Amino acid sequence: MYLNLPIISKSLMAGSIILASSLLAITANAEEQKTVEDYINDARPYLHLSCELAWQKSGPNDDEYINIINRIVAISFINHNFDVALVNNEPEAEQERLRKAFYDDIGKQCSKRPQRLLAGVIDRSLVRAFVEIVPEADHDMD
């Protein structure tokens, strides 16, 4: 089964609001902030999935596929020490460009090679989006 890029792109774009709100919530309230271990535990059941297996596991339920991506992307944010607050301070148009670049790249990479490890695709797509759109949020470059 190969992933259908147009369906995934639409689904992933719809999920960008979920991603943004969940990631921006990380910085919103320190008292309710999840620990790194919480994020790892949330993502752990999905880290071994390929793009195709994640799609199959989701049923193919677009929202569940997006939820899988959002669980894994939190690990990439932590690994790369991306500054979510800097993204939040960007104009809405720039935030939308970041989301679009991120989700479009996931859709493209997963459609090309569905057997790729989804976590790796997500990590590469997130880094690529940050380098292109909000490079100052990437503290790995320091």
Side-chain angles (χ1 to χ4, degrees), residues 1-88 90-141:
M1 173 182 162
Y2 287 91
L3 300 173
N4 185 331
L5 178 60
I7 291 173
I8 289 178
S9 293
K10 289 177 190 173
S11 301
L12 294 179
M13 283 305 297
S16 65
I17 294 170
I18 297 168
L19 171 67
S21 63
S22 64
L23 292 176
L24 295 177
I26 293 171
T27 60
N29 187 343
E31 291 176 23
E32 295 179 19
Q33 195 173 53
K34 284 183 166 183
T35 67
V36 170
E37 195 161 318
D38 291 336
Y39 285 108
I40 292 170
N41 288 334
D42 286 348
R44 188 180 319 269
Y46 308 100
L47 293 176
H48 69 285
L49 297 176
S50 67
C51 293
E52 184 175 26
L53 288 176
W55 186 248
Q56 289 173 358
K57 186 172 184 70
S58 67
N61 176 329
D62 295 349
D63 292 335
E64 182 53 30
Y65 193 73
I66 292 164
N67 286 333
I68 291 170
I69 290 170
N70 289 346
R71 288 179 188 116
I72 296 171
V73 78
I75 304 304
S76 291
F77 265 82
I78 293 165
N79 283 341
H80 291 283
N81 197 28
F82 287 130
D83 190 341
V84 179
L86 286 175
V87 176
N88 192 29
E90 289 291 317
E92 183 58 37
E94 291 301 300
Q95 291 180 37
E96 184 59 30
R97 282 185 51 213
L98 178 65
R99 288 188 291 265
K100 183 171 179 5
F102 172 66
Y103 282 106
D104 283 353
D105 196 57
I106 291 171
K108 182 171 40 171
Q109 295 307 313
C110 283
S111 291
K112 282 183 189 176
R113 291 188 40 215
Q115 76 280 7
R116 284 184 176 168
L117 187 65
L118 181 59
V121 170
I122 290 168
D123 193 66
R124 287 176 41 185
S125 296
L126 187 65
V127 169
R128 185 173 292 135
F130 269 94
V131 167
E132 292 174 7
I133 311 298
V134 191
E136 62 275 8
D138 182 356
H139 293 287
D140 272 0
M141 299 178 91

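Source: prediction; values computed, not measured.
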If you look at every heavy atom in Ile68 and Ala54, which pair is closest and at what distance? CD1-O, 3.8 Å

Gap between atom CZ of Arg124 and atom CD of Gln109 - 0.5 Å precision: 5.5 Å

Got Ser50 and Leu117 here, is their nearest side-chain heavy-atom distance under 4.5 Å? no

Does the ring center of Phe77 lie less than 6.0 Å from the ring center of Phe130? yes

Does any non-hydrogen side-chain atom of Leu126 lie less than 4.5 Å from one of His80? no

Quick one: does Glu96's side chain get under 4.5 Å of Arg99's, heavy atoms only? yes

CG/Asn79 to CD1/Ile40 distance, rounded to the nearest 0.5 angstrom? 7.5 Å

Answer yes or no: is there a side-chain heavy-atom contact under 4.5 Å between Ile69 and Phe102? yes

For Trp55, is there any backbone N or O sitting under 3.5 Å from a side-chain donor or acceptor partner on Ser58? yes

How many angstroms lie between atom CD1 of Ile122 and atom OH of Tyr46, to the nearest 0.5 angstrom? 12.0 Å

Please test Thr35 against Asp38 for side-chain hydrogen bond (donor to acceptor under 3.5 Å, both in side chains), starting from the C-alpha separation and ending with a verdict. CA-CA 5 Å; Thr35 67; Asp38 291 336; 3.2 Å; yes

Decide, yes or no, whether a salt bridge links Arg44 with Glu37 under the criterion of side-chain N to carboxylate O below 4.0 Å. no

Nearest 0.5 angstrom please: Leu118 CG to Leu53 CG, how far? 10.0 Å

Atom SG in Cys110, atom CD in Gln115: separation rounded to 0.5 Å? 10.0 Å

Would you say Asp123's side chain and Gly120's backbone share a donor-acceptor pair under 3.5 angstrom? no

Between Asp105 (side chain only) and Ala101 (backbone N and O only), is there a donor and an acceptor less than 3.5 Å apart? no

